[in-house]
2 protein chains.
Amino acid sequence: MVEKAAYVTADDLCQRLRAASLRPTRQRLVLAELLFARGHRHITAEALHGEATRAGIGVSLATVYNTLHQFTAAGILRQVAVDATRTYFDTNVDAHQHFYVEDTGMLIDIPGDSIAVSGLPHPPRGTRIDRVDVVVRISKA
Amino acid sequence: MVEKAAYVTADDLCQRLRAASLRPTRQRLVLAELLFARGHRHITAEALHGEATRAGIGVSLATVYNTLHQFTAAGILRQVAVDATRTYFDTNVDAHQHFYVEDTGMLIDIPGDSIAVSGLPHPPRGTRIDRVDVVVRISKA
DNA sequence: ATCTTCTTTAGAATTGTTCTAAACTGTTGA
DNA sequence: TCAACAGTTTAGAACAATTCTAAAGAAGAT
Ligand SMILES: [Mn+2]
Ligand SMILES: [Mn+2]
Ligand SMILES: [Zn+2]
Ligand SMILES: [Zn+2]
């Protein structure tokens, strides 16, 4: 709901990792900084690996995947399923929805309090609702 | 909206293929029958290939993929993106939404007229909305 | 029948992701 | 301070889903 402070210190990130019982290694700090230092992001593993590499920090792709999954398990990231060919990770873990630009593969947040879904039938007996995802697919013109 | 007749004849299927400028080959007819002969289905390429093979008809996996994509282009199938690891094809092309059972990978239709999404912001200028997908993720207990 | 075009297919290739096991690093506490 | 242990990283292999290639086969038109 409330936007995070624009600047996040290395110490902040350290805390966050410790809180998740993750050792603050060089790799995790670099990735955490790329992910969380400036506002929210929607990014794929490959893209994040590219950024780290371009930034001159050696992080293997395996570590990027490990880290993204650990962060997701820790609840500081979430996955968004919009396209069968790539997995997006979202640094915004508040309830919210997405525009998906099919031409470019870009995701745009829709604040959680702007959209309402009504008329949901009961889930099948023996199941409970984990989440309601809304993806608004848009394209040029 | 209206449910299709329970029985679909081979001739029906032929027509449908011709209407899409697709030659009614043995393979396409077999796949069309598996897909459309009895109510609606949500199925992956691999699963459909398995069914065809088990039914004793030789259809290559490449042909299954080709056919599913051709049917999708023709508007008699649509794809559903719920899980990054597999692509589901849906024989129900009317406006409707889904429950997704995360434990089993099963999809369950939610009639289009039961759910309403309100409060959608305008799409970014220069884009138009193609579709609004709602996925209700559910799991056991 | 013949020709043309469309279709099928085996197998290779590609993509995105996960696994393995060995080397390395952070943390702890003697 | 430093060994010892547990947690972490990584290259590379493996895997799963899907697409591509190019050659052989089947359909429709004449
Ligand atoms: Mn994949
Ligand atoms: Mn895939
Ligand atoms: Zn988001
Ligand atoms: Zn459906």
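Order of the sequence lines fixes the chain letters, A, B, ..., with proteins taken first and strands second; residue numbering starts at 1 for each chain. A quick note: this is a predicted structure, and the numbers were derived from the prediction, not measured. Hydrogens, waters and symmetry mates play no part in the numbers below; they use all other heavy atoms, side chains included.
In this structure, the nucleotide among dG26(C), dT18(D), dT17(C) sitting nearest to the side chain of P24(A) is dG26(C). In the set dT7(C), dT9(D), dT8(D), dT8(D) carries the atom at the smallest distance from any side-chain atom of R23(A).
Contact annotation: R26(A) does not reach the phosphate of dT9(D) (side-chain N/O to OP1 or OP2, under 4.0 Å). Using a 4.0 Å cut-off, no side-chain N or O of R28(A) falls inside it from OP1 or OP2 of dG7(D). Between Q27(B) and dA26(D), a side-chain N or O to OP1/OP2 separation shorter than 4.0 Å is absent. OP1 and OP2 of dG16(C) both lie 4.0 Å or more from every side-chain N or O belonging to T85(A).
For the pair R16(A) and F36(A), the cation-pi criterion (under 6.0 Å, within 45° of the ring axis) is fulfilled.
Across all strands, T87(A) comes closer than 4.0 Å only to sugar-phosphate atoms, never to a base (heavy-atom distances). When heavy atoms are screened at a 4.0 angstrom cut-off, L61(B) is found touching base atoms of the nucleic acid. Contact annotation for T25(B): backbone-only contact, meaning every heavy-atom pair under 4.0 Å involves sugar-phosphate atoms and none involves a base.
Using a 4.0 Å cut-off between a side-chain N of Lys or Arg and a carboxylate O of Asp or Glu, R41(A) and E51(A) qualify as a salt bridge.
Computed from coordinates, the E46(A) CD to dT17(C) P distance equals 7 Å when rounded to whole Å. Atom C1' of nucleotide dA17(D) and atom NE2 of H49(B) are separated by 14 Å, given to the nearest angstrom. For the pair I57(A) CD1 and dT10(D) P, the interatomic distance rounds to 12 Å; values are reported in whole Å. L31(A) places its CG atom 12 Å from the C1' atom of dT9(D), with the value rounded to the nearest Å. We find that CG of L17(B) is positioned 16 Å from P of dC6(C), with the value rounded to whole Å. The nearest whole Å value for the distance from the CZ atom in R86(A) to the C1' atom in dT18(D) is 14 Å.
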| request: Please lay out, stage by stage, how L48(A) and V59(A) fare under the test side chain to side chain contact (heavy atoms under 4.5 Å, CB included). | output: CA-CA 10 Å; L48(A) 183 59; V59(A) 181; over 6 Å; no
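With hydrogens and angles disregarded, a donor-acceptor distance shorter than 3.5 Å links the side chain of Q97(B) to the backbone of V134(B). Although no hydrogens or angles enter the test, the distance criterion places a donor-acceptor pair under 3.5 Å between the side chain of R28(A) and the main chain of R23(A).
Neither side chain, Y100(A) nor D133(B), offers a donor N or O lying under 3.5 Å from an acceptor on the other.
Contact detail for S139(A) and D103(A): the closest heavy-atom pair is CA-OD2, 3.2 Å.
Ring orientation note: the planes of H69(A) and Y65(A) are tilted relative to one another, at an angle of 30° to 60°.
A stem is defined here as three or more consecutive Watson-Crick or G-U pairs, each with both distances under 3.5 Å; for DNA chain D these stems are C:1-30 with D:1-30.
Annotation: of the two residues near DNA chain D, Y88(B) and R18(B), the 5′-most nearest-nucleotide partner is Y88(B).
Residues H42(B) and H40(B) keep their aromatic ring centres 6.0 Å or farther apart.
Among the candidates V8(B), L35(B), V30(B), the single residue satisfying the side-chain contact (heavy atoms from CB on, under 4.5 Å) test with L13(B) is V8(B).
Within residues 64-71 of chain A, the residues approaching DNA chain C are Y65(A), H69(A), by heavy-atom distance under 4.0 Å.
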